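In this text the structure is predicted, and so the values were computed from the model without any measurement. Read the numbers this way: they start at 1 and go in the same order the structure lists the ligands and their atoms. Sequence positions, counted from 1, serve as the residue numbers for this chain.
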Amino acid sequence: MGKLISQHVTWVGKTDWQLTKFHGDELSTHRGSSYNSYLVRDKKVALIDTVWQPFDKEFVERLKDEIDLSKIDYIIMNHNEIDHSGALPELMRYIPDTPIYCTKNGENIMRGHYHQDWNFVNVHTGDTLSLGDTTLMFIEAPMLHWPDTMFTYLKGDNILFSNDGFGQHLASESLFNDTVDEGIIMAEAEKYYANILAPFNPMVKKKIAELLGLGLEIDMIAPSHGVIWKDNPEKIIEMYTKWCENYNLNQITIVYDTMWSSTRRMAECIAEGIGEADPAVTVKLFNAAHHDKNDILTEVFHSKAVLVGCPTINTGVSYAIAGLLEMIHGLKLKGKKSAAFGSYGWAPTGTKVIQAHLEDAGIPAVLPPLNMNWVPDNNSLESCRQYGRDFVKAL
Ligand code: FEO
């Protein structure tokens with residue numbers, strides 16, 4: 001059944017408790033997710049977004065329990081990735097002529113996905129649609145995180161429907177942030193931002209400024225994933241304002257892979273050296289082959305520096321480190337520093353590969369790579385500690 005979230009709005013989405021991977025295998029979702037869809041009932045009725053395709057029939061059946069489908073006057077599609085538009089084909093079987101309000105890019109994407117000549121109505125920032133006592137206003141938000149994205153603001157109930165923006169992959173029976181552990185929500189919101197929105201930091205910055213400039217009275221921010229920001233919705237806007245601007249905490253993250261523990265020992269001794277040189281800095285170590293890649297990326301996202309280590313393997317690096325370097329590259333992080341280290345047998349080329357990738361990702365090295373031949377002895381491990389101390393000095 002739907003859940004009333006304000007005078008005119010009922011949540012009619014789907015909570016997906018068993019989701020552990022999203023975007024194929026690109027993003028881990030340890031705490032599940034939800035696909036939030038909202039039904040706005042006034043003199044006119046609007047449905048905002050749908051749910052992921054595997055739940056299309058369930059969604060439409062539950063929606064029928066909530067309302068006679070023929071009473072839906074408008075469908076609003078804020079964003080048309082399949083987790084939000086996937087139930088549209090099933091819904092449109094019942095109400096094929098209902099106008100679908102979306103951006104021009106949204107129409108293009110829906111046509112590309114579903115190959116249907118639905119009744120599309122293109123909207124732009126500032127366009128409004130009166131529902132009676134309440135009014136919808138549209139705000140284009142391209143590249144947050146697709147070209148079609150827009151927000152919809154419901155004047156009257158004062159809710160910003162922000163789709164992926166401000167979302168979290170978090171399944172929760174409770175719909176509101178004031179009844180869920182804040183630490184968990186913020187951790188998931190940051191992971192979402194780091195892994196999905198970080199490449200678009202400049203657009204986020206511009207959009208937040210524009211949003212604040214509109215002076216909207218916002219009582220709730222209702223994203224398309226996770227809980228609704230009802231208690232202090234300004235908090236998540238504040239965090240986005242920080243996250244979109246080279247968000248670097250006093251943390252150094254060391255990511256490594258290891259075959260026979262030489263590079264692991266190097267990583268641990270470098271960490272010791274960093275800790276000795278700067279007791280205030282948080283140092284975290286992750287084995288890229290063992291830890292979740294998206295959790296590591298979130299740690300890198302908020303670190304001021306990252307050291308990446310790997311033994312040389314066939315003149316290059318391991319599968320885990322190669323994948324992680326590629327993902328770091330895609331995030332377009334700014335204002336961070338790096339260094340590379342690793343063990344080798346007969347040619348220390350792996351660290352060159354790491355350094356080149358990090359520099360290409362916009363994360364310059366502050367020290368030359370540290371290479372150790374075969375298994376480091378006590379002297380070599382002391383050199384690793386010194387490298388950690390030098391790294392702190394070089395930052
Ligand atoms: Fe939640 Fe971009 O889809």
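Between N294 and L27, the closest heavy-atom pair is OD1-CA, 3.4 Å.
Within a 6.0 Å sphere centred on NZ of K64, other residues, nucleotides and ligands contribute more than 12 heavy atoms.
Atom 1 (Fe) of ligand 1 has an N, O or S atom of D83 closer than 2.8 Å. Counting backbone and side-chain atoms alike, H84 contributes no N/O/S atom closer than 2.8 Å to atom 2 (Fe) of ligand 1.
If you put the vertex on atom 2 (Fe) of ligand 1, OE1 of E81 and NE2 of H145 sit 90° apart, to the nearest 10°. Between the NE2 atom of H79 and the OD2 atom of D164, the angle taken at atom 2 (Fe) of ligand 1 works out to 90° after rounding to 10°.
Ring geometry for Y114 against W118 counts as tilted: the plane angle lies between 30° and 60°, on a 0 to 90° scale. Using a 30° and 60° split on the angle between ring planes, F286 and H291 fall in the perpendicular class, above 60°.
Looking only at its N/O/S atoms, H225 has NE2 as the one nearest to atom 1 (Fe) of ligand 1.
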Under the side-chain contact (heavy atoms from CB on, under 4.5 Å) criterion, do D49 and I76 qualify, and how do the steps go?
-> CA-CA 6 Å; D49 296 324; I76 315 298; over 6 Å; no
